[in-house]
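It should be emphasised that the depicted structure is a prediction, and the values quoted were computed from it without experimental measurement. Starting from 1, each residue takes its place in the sequence as its number.
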Amino acid sequence: MKRAAWYVTAGAVAGFVVVLDAHGQGAKPSIAVHPAASGQSASPAAAPSPVRSAGPVRQVTGVVEQYGYGELSVTITVRGTEITNVSVPVLRTAEPYSQQLAEQVLPMLKHEVLAAHSARINTVSGATYTSQAYADSIQSALDKLHLK
C-alpha cells in the first residue's frame, strides 16, 4: 500500500510537469532558485526575469492558512510590484505523508508565483488543498502591501 502513495505522488508531479510544458513555461523536474539581485541574465524557465520595476524591497508574511492536512504561511519579498522571492516559514502537517507531499509541491508553487507575480496560480493535482492554502496566504500578503 505504501508503494501506491509513491505512485500517486509521482503521477501528480509528472502531470504538473506536463501542464507546465503545455503552457510554454518549460518544465524542469528540479527548480533552481537564483538570486534576483544579481545582474545575470537568466532564461525564463530557469528563474524569474530580472526585476523590471523600481521601488523599495519589502517583505511581508501572509496569514497562517489552515487546510485539510495542516497549516502553512507564506512570506513574499516584493520589489516595486513584482514578487522576487517566496518562502514558507510555517508548515505544520498532520502526518508524515502530508509533510512529504508538501515538500515536493512547494517548489512548484513557488515557481508558479514567481512566474505570475501573483497569487493567481494553477493548483497542483493531488495537492489541491495545499495549493489553495499557499495561494490564499500569498494573496493575504499581497493585500497587506495593497497589491493585486
Side-chain angles (χ1 to χ4, degrees), residues 1-2 4-37 42 44-49 51-53 55-148:
M1 190 55 122
K2 291 183 181 182
W6 281 104
Y7 291 134
V8 169
T9 302
V13 171
F16 184 72
V17 169
V18 169
V19 169
L20 281 179
D21 190 44
H23 286 278
Q25 295 182 4
K28 294 205 181 282
S30 62
I31 299 170
V33 179
H34 302 283
S49 59
V51 177
R52 285 175 246 125
S53 63
V57 174
R58 299 175 288 173
Q59 190 173 44
V60 66
T61 301
V63 297
V64 175
E65 290 288 336
Q66 294 191 3
Y67 61 103
Y69 304 100
E71 59 186 15
L72 64 80
S73 177
V74 180
T75 298
I76 61 171
T77 304
V78 177
R79 172 170 276 169
T81 59
E82 294 193 10
I83 300 171
T84 59
N85 194 22
V86 181
S87 64
V88 180
V90 176
L91 176 61
R92 292 191 267 299
T93 58
E95 55 197 43
Y97 174 73
S98 298
Q99 178 76 25
Q100 183 180 22
L101 182 63
E103 288 173 359
Q104 291 177 348
V105 169
L106 292 177
M108 295 177 202
L109 294 171
K110 177 179 181 173
H111 180 74
E112 285 277 316
V113 170
L114 292 175
H117 296 290
S118 165
R120 288 182 228 110
I121 57 173
N122 294 322
T123 60
V124 176
S125 178
T128 307
Y129 295 141
T130 306
S131 300
Q132 189 61 50
Y134 190 90
D136 290 346
S137 187
I138 292 280
Q139 187 60 55
S140 72
L142 290 170
D143 290 346
K144 289 178 183 179
L145 293 172
H146 305 290
L147 297 174
K148 48 185 168 163

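When all heavy atoms are compared, the tightest approach of Tyr134 to Val74 is CD1-CG2, 3.7 Å. Across all non-hydrogen atoms, the minimal contact from Leu101 to Gly126 is CD2-O, 3.5 Å.
Here the OG atom belonging to Ser137 is positioned 11.5 Å from the OH atom belonging to Tyr67, to the nearest 0.5 angstrom. To the nearest 0.5 angstrom, Arg92 atom CZ is 14.5 Å from Ser98 atom OG. Interatomic distance, Leu109 CG to Gln132 CD, rounded to the nearest 0.5 Å: 10.5 Å. Summarising the geometry, atom CD belonging to Gln100 is positioned 11.0 Å from atom CD belonging to Glu95; distances are rounded to the nearest 0.5 Å.
Judged as a side-chain hydrogen bond (donor to acceptor under 3.5 Å, both in side chains), and not counting sequence neighbours, the contacts of Gln99 are Thr93, Glu103.
Under the 4.5 Å side-chain criterion, counting only non-hydrogen atoms from C-beta, Leu142 is in contact with Ile83. Annotation: side chain of Leu147 is in contact with side chain of Arg58 (closest heavy-atom distance under 4.5 Å). Looking at Lys110 and Asn85, their side chains come closer than 4.5 Å, going by heavy atoms from C-beta outward. Val86 is listed as a side-chain neighbour of Leu114, based on a closest heavy-atom distance under 4.5 Å.
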Tabulate below the donor-acceptor pairs under 3.5 Å that side-chain atoms of residues 59-66 make, not counting sequence neighbours, or state none.
| residue | atom | partner | partner atom | Å |
| --- | --- | --- | --- | --- |
| Gln59 | NE2 | Thr77 | OG1 | 3.4 |
| Thr61 | OG1 | Thr75 | OG1 | 2.7 |
| Gln66 | NE2 | Glu71 | OE1 | 3.3 |

Run the side chain to side chain contact (heavy atoms under 4.5 Å, CB included) test on Val124 and Thr130 for me, step by step, so that the C-alpha distance in whole Å, both residues' side-chain angles and the decisive distance to 0.1 Å come before the verdict. CA-CA 8 Å; Val124 176; Thr130 306; over 6 Å; no

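Listed by first then second residue, pairs satisfying salt bridge (Lys or Arg N to Asp or Glu O under 4.0 Å) with a partner in residues 133-146 number zero, not counting sequence neighbours.
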